[in-house]
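Below is one structure, written out as structure tokens, with a few remarks after it.
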Amino acid sequence: MTTDLTQASAADLARLYAKGKASPVETMKAVLARADALAATVNALCHVETRGALAAARASEKRWKKGEPRSALDGVPVSVKELVRVKGWPASMGSKLTDKTPADADAPAVARLRAAGALVFAQSTSSEYGHKGVTDSPLHGITRNPWNTAMTPGGSSGGAGAAVAAGLGPIAIGTDGGGSVRIPASFNGLIGLKATFGRVPAWPPSMTGDLSNTGPMARTALDAALMMNVIARPDARDGSALPADDTDYTRKLGRLPKKLKVGFALRLGDHPLDIEVAAMVTKAARDFAALGCKVEEVEAPFPFGEASRAFVVHWLSALQRLLQVFPEARHEEFDPSLLAGARAGLRCTLQDVVNAQVTRRDLTLAWNLFFEKYDLLLTPTVAVQPFAAGTNLPPGPDGKPNAMWSPYTPQFNLTRHPAATVPIGLSRQGLPVGLQIVSAHYKDALVLRAAAAFAEIHPLTFPVLPETK
């Protein structure tokens, strides 16, 4: 077990607290000092609540001394993506156009974490309105990857991913409308889960509607499971929230049921794929056979192009609403890529939207039938390695910008299936690569068990950046 409190997992911290070998106040002070020292290097946090965090840490410390912690997350620092409401903090959305009025209530996941004793201490950066898979914004600038600060941490929950990887709290809350938890979790070497839609309640509703999910990001599957035990509870403010169940996400974690049938798809269609990512993911799929699974190479059950077009229509037709929400005189203050996407959304016709909805239903049915035959699906999480920070697209094989660098994640926002990413190692450049694990609706616990089983035989050592102000 590490003695550097900024490098300890949430579960490790709970064990240290229980034994009296560390305290929530010590941990919070260490994380706050590290956050201050790395602010300019990584730029992962856009708001830090020092006084409130320390007050909460002192209260947690008293509970642990009495032997009365609220949960295993009591006294654990957690950051929250700036698209998620935290009472008293500005709901900035990464945008210059929002009025920065402090939120008057916590979002469901934040409220549950506070009730569990977690120390909600910071807001993490996002792309503006979470519109792209990297993290920079006109409001906060560029967020960087702790593994190599010249590279992007992915997005749009890139601040959350970079914070956890950099030791700025062992757990974080992100949101995922097309991969925005899984992409940065992959690029930062983390476990990230997009649960079955409705499993983690959300409020207020996302601009992208039922594409969007709130989810955990952590260094370990156990920490993600501990988060799910807390945040996967219904909330009356979310009309799509699933009913309560008695799932303990830590139960049998890392132990897979015998003879799981696993499909492995290296590609979902005709899109580029980094050769090293392909090799690493193929090896990882073979490792599932060593875990007792029957692994078969499979093809996607639905045409990739049709699924991609349906997602684009859903996404852009949602973005265009921003052009009605904010006055035209201020539209040029948007991130140029957000403005371009919103204007493209204006060109979506009613027939386009209806066709996309039909495709979404057909796509969901196709994957439902797939999961009648297979317990799990394995794919790369992202088709490329982390690329240059401050750019929206990596170069493709032809040297032109590659708009198809993240083809694996959006389908499962459309279909609402649970999907996680687990780190499978470092590339020759020393950058993390992730494996996506998907399963049938409501099998969120199985997805985490699979991620944990793989992570146990492939542990990752995180970088400890030099602390420079």
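For this chain, numbers begin at 1 and follow the sequence in order.
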**Item:** Over 12 foreign heavy atoms within 6.0 Å of CD1, Ile457
**Value:** yes
**Prompt:** Which distance, rounded to the nearest 0.5 Å, do you find between the CG of Asp245 and the OG1 of Thr247?
**Reply:** 3.5 Å
**Item:** Sub-6.0 Å ring centroid separation between Trp147 and Phe187
**Value:** no
**Request:** With the side chain counted from C-beta on, respond yes when Leu377 and Val262 share a heavy-atom pair under 4.5 Å apart, and no when they do not.
**Result:** no
**Fill in**
OH of Tyr249 to CZ of Arg199, rounded to nearest 0.5 Å, is 4.5 Å
**Prompt:** Distance only, no hydrogens: is a donor on one side chain within 3.5 Å (strictly under) of an acceptor on the other, for Tyr129 and Ser156?
**Reply:** no
**Asked** Tell me, do Tyr442 and Leu242 make a side-chain contact under 4.5 Å, heavy atoms counted?
**Response** yes
**Message:** Tell me if the CD atom of Gln357 is crowded by more than 12 foreign heavy atoms within 6.0 Å.
**Reply:** yes
**Any donor-acceptor N or O pair under 3.5 Å, side chains Arg343, Gln320** = no
**Asked** Going from NZ on Lys132 to OG on Ser126, what distance comes out if it is rounded to the nearest 0.5 angstrom?
**Response** 10.0 Å
**Request:** For the pair Tyr408 and His271, evaluate ring-ring contact (aromatic ring centres under 6.0 Å, His included) and give the outcome as yes or no after the intermediate values.
**Result:** CA-CA 10 Å; Tyr408 299 97; His271 53 77; 5.1 Å; yes
**Message:** Between Ser124 and Lys81, do the side chains contain a donor N or O and an acceptor N or O under 3.5 Å apart?
**Reply:** no
**Message:** For the CD atom on Glu299, are there more than 12 heavy atoms of other groups (residues, nucleotides or ligands in this structure) within a distance under 6.0 Å?
**Reply:** no
**Request:** Let me see the working for Glu372 and Asn368 under side chain to side chain donor-acceptor pair (under 3.5 Å), right down to the final yes or no.
**Result:** CA-CA 6 Å; Glu372 287 286 300; Asn368 281 348; over 6 Å; no
**Asked** Between atom CD of Gln385 and atom OG of Ser186, what is the distance when rounded to the nearest 0.5 Å?
**Response** 10.0 Å
**Asked** Could you go step by step and tell me if Asp287 and His458 meet the side chain to side chain contact (heavy atoms under 4.5 Å, CB included) rule?
**Response** CA-CA 10 Å; Asp287 288 342; His458 293 280; 2.8 Å; yes
**Prompt:** Can you say whether the rings of Phe387 and Trp405 are parallel (under 30°), tilted (30 to 60°) or perpendicular (over 60°)?
**Reply:** perpendicular
**Message:** If the condition is side-chain hydrogen bond (donor to acceptor under 3.5 Å, both in side chains), which residues does Thr149 pass it with, not counting sequence neighbours?
**Reply:** none
**Request:** May I ask you to decide if Asp335's main-chain N or O and Glu128's side chain share a donor-acceptor pair within less than 3.5 Å?
**Result:** yes
**Request:** Provide the closest heavy-atom pair for Ala105 versus Arg237 in the form atom of the first, atom of the second, distance.
**Result:** CB-NH1, 4.2 Å
**Asked** Is the shortest heavy-atom distance from the side chain of Val438 to the side chain of Leu378 under 4.5 Å?
**Response** no
**Item:** Arg219 side-chain N/O to Ala165 backbone N/O, donor-acceptor pair under 3.5 Å
**Value:** yes
**Request:** Could you grab the distance from atom CZ of Phe302 to atom CH2 of Trp367, nearest 0.5 Å is fine?
**Result:** 11.0 Å
**Message:** Within the 3.5 Å criterion, strictly below it, is a donor on Thr196 or His417 matched to an acceptor on the partner's side chain?
**Reply:** no
**Request:** For Arg182 and Asn413, test the side chains for any donor-to-acceptor distance below 3.5 angstrom and give the result as yes or no.
**Result:** yes
**Message:** Please report the interatomic distance CG(Asp136) to OG1(Thr125), rounded to the nearest 0.5 Å.
**Reply:** 9.5 Å
**Asked** In terms of heavy-atom contacts, does CG of Asp398 have more than 12 from other residues, nucleotides or ligands at under 6.0 Å?
**Response** yes
**Request:** Please report the C-alpha distance between Leu211 and Phe311 in whole Å, then the side-chain angles of each, then the deciding distance to 0.1 Å, and finally whether the side chain to side chain contact (heavy atoms under 4.5 Å, CB included) criterion is met.
**Result:** CA-CA 9 Å; Leu211 292 178; Phe311 178 81; 4.0 Å; yes
